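Note that these values count all heavy atoms, side chains included, but never hydrogens, waters or copies made by symmetry. Numbers here are sequence positions counted from 1. Source: prediction; values computed, not measured.
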Amino acid sequence: MIKVTLKDGSVREFSPGTTAAEAAKNISAGLYKAACLARVNGADCDLRTPLTEDCSLEILTFDDPAGAHAFRHTASHILAQAVKRLYPEVKLTIGPAIDNGFYYDFDAETPFTREMLDAIEAEMKKIVKEDLPLERFTLERQDALSLADSMGEPYKRELIEDLPEDAELSFYRQGDFTDLCAGPHLMSTGRVKAFKLTSCTGAYWRGNSDNKMLQRVYGTAFPGAEALREHLERIEEAKRRDHRKIGRELGLFALLDEGPGFPFFLPNGITLKNTLIEYWREVHKRRGYVEISTPIILNRKLWERSGHWDHYRQNMYTTVIDDEDYAVKPMNCPGGLLVYGLEPRSYRDLPLRMGELGIVHRHELSGALHGLFRVRCFTQDDAHIFMTRDQIKDEIINVTSLFDEVYSLFGLKYKIELSTMPEDHIGAEEDWELATDALKAAMDEIGKAYEINEGDGAFYGPKLDFHLEDCLGRTWQCGTIQLDFQLPERFELEYTGADGEKHRPIMIHRVVFGSIERFIGILTEHFAGAFPLWLAPVQAKVLPISDKSAGYAAQVAEKLSAAGIRVETDMRNEKIGYKIREAQLQKIPYMLVAGDREAESGQVSVRKRGFGDVGAMSVAEFISSASEDIRNRTAW
C-alpha cells in the first residue's frame, strides 16, 4: 500500500497504481464528479495518472484556476476536433485556455462566419455527447514528426522541431482526433457541459506580422448552463459599459488617428480628471506628503545610472539634444531621487514622503493599445518615500491604509499579490530577501491576505500589487507598493543618523490610481458613466419648460454655479420630456425643472438620477442638500 496525503493533511492508503480519479471517487462521489485534474506532489496532471508511491494529492475542481484552465483547454480540443470534422482541409496551430475562456488558431483560406461558428458549435455538442475519453501518449521525436506529417499538420511539425531535443513529446487522442499537447486535460469530452463560441478574429502565426494570418476562434466553457448564461450576460453588460463608448457619448475623451495611444481629454473629461487630482492632493496633504514636479525629458546618463537604460530601454522614447542622448521619462522615480539628493538629510527628516503627478511616456505596440486601459502617455500618481530601515513596516502599513481609504470611496474591493525577485534584477539577493520579508511582515501584521507571484517583481525590488474588483467582478491592477534598496545605492543617497554617521535610506515607490487615465477608464465602466455626484462632470442640469421660464432657469443656474455646483442649462426649444430623457442619457445626477409655477414660488422641481421625481424645493434648500453630498462625497 502507498500513503497519500490529502490537502487537509489527512492520510489515506491505496494500492500502487490507483489513479488520481479512483482516489477522488474513494474520497467523495461529489468530488469525483466535479474533478478536473489532480495535483500530485505539487505538479498538475491528468486524473488518469496512476499513484505509484507515497505522495501528496489534491483534486482540483473548476473552482480552482488550474481546474478551470484544464476544463477550458479540453474545450479548445473539442473545438479543433469539430473544425477538422467539418473542414478537413483546415490546418491546426495552437489552442490554449485563457482567462474566462479559450481559443484555437486555424489556417483557413476563408474567415469563419457566424453561421460557420454555429455549425461548429453544433458539432462540438455531438462530440460532448459522444463522451470521448482523452488519452495521453508520448512519442520519440522522429515518430512525432512522422505523425504530424501523416495528419497533414505542418504547424505541428514546426512546433515539434522547435522543442528542445530532450523535451517530452506528448499527444492527446479523443476518438478520431489527435493533437500535440502538454496537457493536462479532463478525462472525457462529456465533462464539458456548457460552452459558447464568442468571436473570430485574425491573428498572425506566432504573433509575427511576417507570418501568415490565421483565424482565431474564441470561446468560453463552464460546467453548467446557468454559469455560462451568467457569464455571457456579464460580457454583454461589459459591452454596454465599455469606457470607449461611454467616453464618446459623455464627451470625456477622444482617441484620434493622429495620436494612437495618446488620448485627448475633452471639457467633461478634464473636469473629471481634475476632480480626481483634487481628491488625490487632499488625501496626500492630510497624510504628510509634499508634492514635487520633475522634468519629462532627462539625459541618458541619468537613465543609465537608474538602470532603466539597460532594463527598460525597449519601452522608452529617446531623442538627441545638443548631440547628447536623452529619454522621455517612462517613470518618475529617478527625478524623485535627484530631488532627495539636492540637500543634506537627517534621520529627523525621515520618513520623507514626496508625491508627484508626473506625465510619463512608454512605447507600447499598436496592437496592445486599448482605450484608456493601455496608452502611451499617462499621468502616474507617484509617490516616493525615503525612510530608515526600522520605518519600513510602518510606512508599508500607512500606504496600505491610504489605499483602503481611496478604494473604499469608490466601492472597489481588492486582492493583494506579492511579486518576488525576477531573473533580470539588480542588487544583492540578501537585500531582496530582506525587502520581501519586510513586505510580508507588514501584510501579516495588519491581517491582509496575499498571493505570491514568483519572479515578477520590478528589476530593482519586490512589490505588492493591488488588484481592484469592479461591480462585474473583473479585476484591475492599479495600486502598487515597491520596496527598493537598489536605487538609493545607485544614486548614493544619504542621511545623517542619530549616531552622527552617514546611512543609506530605503525607498518605497507607490501609486494609488496607477495611471489616472486608466483609473478613469475603470471608474467609467464600474459606474457605467453614472459617476457619483461629487465626481460627475456636470452635477445638475436646469431644464426650463418654455422660453418664458428661460430667464428664471438662468438665474437658478447662476446661483448653483456661485455655490460651486457644476451646472448646465438646456435652453433648446424642445418639450420638457425630451430634455429630461436627454439629461438621463448624459447620466446627470440632478435635473431641475423650472417653469412658471417654480418661478413664482422660487423653487425647482427636482429629479434625482436613479430615484426619479423627488418633489419641489427652494433653490436654497437644493443647494444646501447637494453641497453637503458633494462635500461628504456621498456614494450615489
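By the 4.5 Å heavy-atom criterion applied to side chains, Phe14 and Thr19 are not counted as neighbours. Contact check for Tyr87 versus Glu109: no side-chain heavy atoms found under the 4.5 Å cut-off. Using a 4.5 Å cut-off on side-chain heavy atoms (C-beta onward), Gln380 and Arg362 make contact. Using a 4.5 Å heavy-atom threshold, the side chains of Phe195 and Val128 count as touching. The shortest distance between side-chain heavy atoms of Tyr103 and Leu79 does not fall below 4.5 Å. A heavy-atom distance below 4.5 Å is found between the side chains of Leu402 and Arg510. You'll find the side chain of Val360 reaches within 4.5 Å of the side chain of Phe378, heavy atoms only. The side-chain heavy atoms of Leu145 and Arg141, taken from C-beta on, include a pair separated by under 4.5 Å.
Atom NZ of Lys448 has more than 12 heavy atoms from other residues, nucleotides or ligands within 6.0 Å. Open room surrounds CD on Glu140; 12 or fewer heavy atoms of other groups in view lie less than 6.0 Å from it. In the displayed structure, Glu429 atom CD is contacted under 6.0 Å by at most 12 heavy atoms of other residues, nucleotides or ligands. A 6.0 Å sphere centred on CD of Gln477 holds more than 12 heavy atoms belonging to other residues, nucleotides or ligands.
Not one N or O on the side chain of Ser419 forms a donor-acceptor pair closer than 3.5 Å with the backbone of Pro462.
When only modelled atom types and interatomic distance are considered, His311 and Asp424 share a side-chain donor-acceptor pair under 3.5 Å. Judged purely by distance below 3.5 Å, without hydrogens or angles, the side chains of Asp131 and Ser188 pair a donor atom with an acceptor atom. A donor and an acceptor atom, one from each side chain of Tyr204 and Asp210, are nowhere located under 3.5 Å apart.
When all heavy atoms are compared, the tightest approach of Leu134 to Arg48 is O-NE, 3.1 Å. Residues Cys36 and Ala70 approach most closely at O-CB, 4.4 Å, considering heavy atoms. Nearest heavy-atom pair, Ile416 versus Ala449, reported as atom, atom and distance to 0.1 Å: CB-O, 3.7 Å. What you find for Lys91 and Gly152 is that their closest heavy atoms are NZ-O, 3.1 Å. The heavy-atom pair separating Tyr104 from Ala80 by the smallest distance is CE1-CB, 3.5 Å. Annotation for Val375 and Cys377: closest pair CG2-O, 3.4 Å, computed over non-hydrogen atoms.
For the atom pair SG of Cys333 and CD1 of Ile508, the computed distance is 13.5 Å after rounding to the nearest 0.5 Å. Taken to the nearest 0.5 Å, the CG atom of Leu51 stands 6.0 Å off from the CG atom of Leu57. In this structure, Lys415 NZ and Asp465 CG are separated by 14.5 Å, a value rounded to the nearest 0.5 Å.
Arg85 has a carboxylate O that lies under 4.0 Å from a charged side-chain N of Glu130, or vice versa, which qualifies the two as a salt bridge. Using a 4.0 Å cut-off between a side-chain N of Lys or Arg and a carboxylate O of Asp or Glu, Glu237 and Arg234 do not qualify as a salt bridge. A salt bridge does not link Asp179 to Lys84: none of the charged nitrogens lies less than 4.0 Å from a carboxylate oxygen.
Here the two rings, on His526 and Phe410, have centers that are 6.0 Å apart or farther.
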| message | I'd like to know whether Arg136 forms a side chain to side chain contact (heavy atoms under 4.5 Å, CB included) with Thr49, so could you lay out the CA-CA distance, the side-chain angles of the two residues, the decisive distance to 0.1 Å, and finally the verdict. | response | CA-CA 10 Å; Arg136 182 180 187 273; Thr49 302; over 6 Å; no
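Of the candidates Arg241, Arg474, Arg240, Arg474 is the only one forming a salt bridge (charged side-chain N to carboxylate O under 4.0 Å, His left out) with Glu525. Of the candidates Trp205, Tyr155, Phe112, Phe106 forms a ring pair (Phe, Tyr, Trp, His ring centres under 6.0 Å) with just one, namely Phe112.
The cationic atom of Arg248 (NZ for Lys, CZ for Arg) does not lie both less than 6.0 Å from the six-membered ring centre of Phe253 and within 45° of the ring axis. Figure legend: cation-pi geometry between Arg72 and Tyr218 absent, as NZ or CZ is not positioned both under 6.0 Å from the six-membered ring centre and within 45° of its axis.
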